[in-house]
Amino acid sequence: MPELPEVETTRRGIAPHLCGQRVRAVVVREPRLRWPVTPALARGLAGRRIDAVERRAKYLLLRAGDHSLILHLGMSGRLRLTPPSTALKPHDHLDVVLESDLCLRLNDPRRFGAALWWPGDPLTHPLLRALGPEPLSPAFTGDALYGRSRGRRAPVKAFVMDSRVVVGVGNIYANEALFLAGIHPRRAAGRISRARYGRLAGAIKTVLADAIGRGGTTLRDYVSADGSPGFFQLELCVYGRAGEPCRRCAMPVRRITASQRGTFYCPHCQH
DNA sequence: AAAGCGCCCTGAAGGC
DNA sequence: TGCCTTCAGGGCGCTT
């Protein structure tokens with residue numbers, strides 16, 4: 001479900017309700033997420049105050065004193081703010097109950113998500129330490145992409161979805177950015193010019209910023225923390241549009257499989 | 001080092 | 001209606 005814009009929209013939704021709040025209780029109903037949710041998490045977080053809610057890549061970082069709760073929504077995870085008395089739905093795995101009597105509730109049918117308790121700065125966690133630059137930061141540039149791509153024979157789509165290269169570019173936005181930049185998703189990463197990488201970096205920034213501005217993309221069931229959907233799906237140029245006319249040239253959008261992911265592109269506009 | 005898979009899960013959709 | 005297959009917005013970790 002969530003790519004960077006959906007995670008950022010969720011962060012913006014929950015942060016005002018969490019920051020400065022003390023945690024009254026933590027309820028773990030299903031510890032079998034991607035990694036087991038440990039008793040240390042429930043024990044350690046209860047009673048602490050949440051100081052900040054940040055995002056790195058698609059991870060949400062809740063800072064609580066010198067510790068941190070690291071959340072990842074995987075493919076199907078959702079966070080909702082709700083009174084703790086709200087009836088439970090299937091797959092409501094974790095509650096963080098606040099003293100305000102609101103509750104941050106994690107629902108994740110596929111359980112690819114994660115809730116990790118870390119005794120330190122979340123950015124030093126092994127899963128976060130080696131991540132590439134944030135796409136919306138000044139450190140992410142076409143020159144950076146160009147430099148890292150030399151000698152790479154993998155398709156450019158896989159290259160920009162590699163979190164060591166740049167974080168937060170999932171399948172939807174990789175397809176969209178490559179369309180905006182006019183680059184064929186199967187082109188070898190090492191055989192793209194510096195100028196074209198400049199356009200690609202710009203396209204990634206544009207598409208992610210636009211999607212955040214529209215509250216993310218709602219395809220099936222994504223909703224933000226307050227239950228409202230995103231609207232970026234209305235702007236999609238290629239993702240999920242196989243057979244429909246390209247918005248630029250009207251040629252039918254083509255669907256192929258690349259790196260085991262659905263890949264959409266315009267055969268006329270992208271080379 | 002880079003690249004390519006398998007795999008962790010459930011649910012929805014489509015074919016028969 | 002039901003059963004089966006396929007596919008899904010992620011990404012770790014293993015093998016080559």
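Chain A is the first sequence line, chain B the second, and so forth, proteins listed ahead of strands; every chain is numbered from 1.
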Next item on the list: Write down the partner of C:dC12 under the Watson-Crick or G-U wobble criteria, each distance required to be under 3.5 Å.
Entry: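 B:dG6 - that is the nucleotide pairing with C:dC12, both distances being under 3.5 Å.
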Next item on the list: Tell me which nucleotide among B:dC9, C:dC12, B:dG6 gets nearest to the side chain of A:Arg110.
Entry: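 Per side-chain heavy atoms of A:Arg110, the pick is B:dC9.
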Under 4.0 Å between a side-chain N or O of [X] and OP1 or OP2 of [N]?
X        : N      : value
A:His72  : C:dG11 : yes
A:Arg32  : B:dC8  : no
A:Tyr173 : C:dG9  : no
A:Arg255 : C:dA8  : yes
A:Arg34  : B:dC9  : no

Item checked: Gap separating the CZ atom of A:Arg152 from the CG atom of A:Leu145, nearest 0.5 angstrom ->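 If we round to the nearest 0.5 Å, A:Arg152:CZ and A:Leu145:CG are 10.5 Å apart.
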Notebook entry, point to check: Taking the six-membered ring for Trp, is the centroid-to-centroid distance between A:Trp118 and A:His67 below 6.0 Å?
Noted result: no
Checklist line | NZ/NE/NH1/NH2 to OD/OE distance under 4.0 Å, A:Glu54 and A:Arg11 | finding: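 Between A:Arg11 and A:Glu54 there is no salt bridge, as every charged N stays at least 4.0 Å from the carboxylate O atoms.
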Check: Could A:Asp143 and A:Arg194 be called an ion pair, given the rule that one side-chain N must be under 4.0 Å from one carboxylate O?
Finding: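 Result for this pair is yes, salt bridge flagged.
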[X] [atom1] to [N] [atom2]: how many Å, rounded?
X        : N      : atom1 : atom2 : result
A:Arg148 : B:dA1  : CZ    : P     : 12 Å
A:Asp108 : B:dG11 : CG    : P     : 11 Å
A:Asp162 : C:dC12 : CG    : C1'   : 12 Å
A:Gln233 : C:dG9  : CD    : C1'   : 12 Å
A:Phe232 : C:dG9  : CZ    : P     : 16 Å

Check: For A:Phe159, which contact category applies under a 4.0 Å heavy-atom criterion: base, sugar-phosphate, or nothing?
Finding: nothing
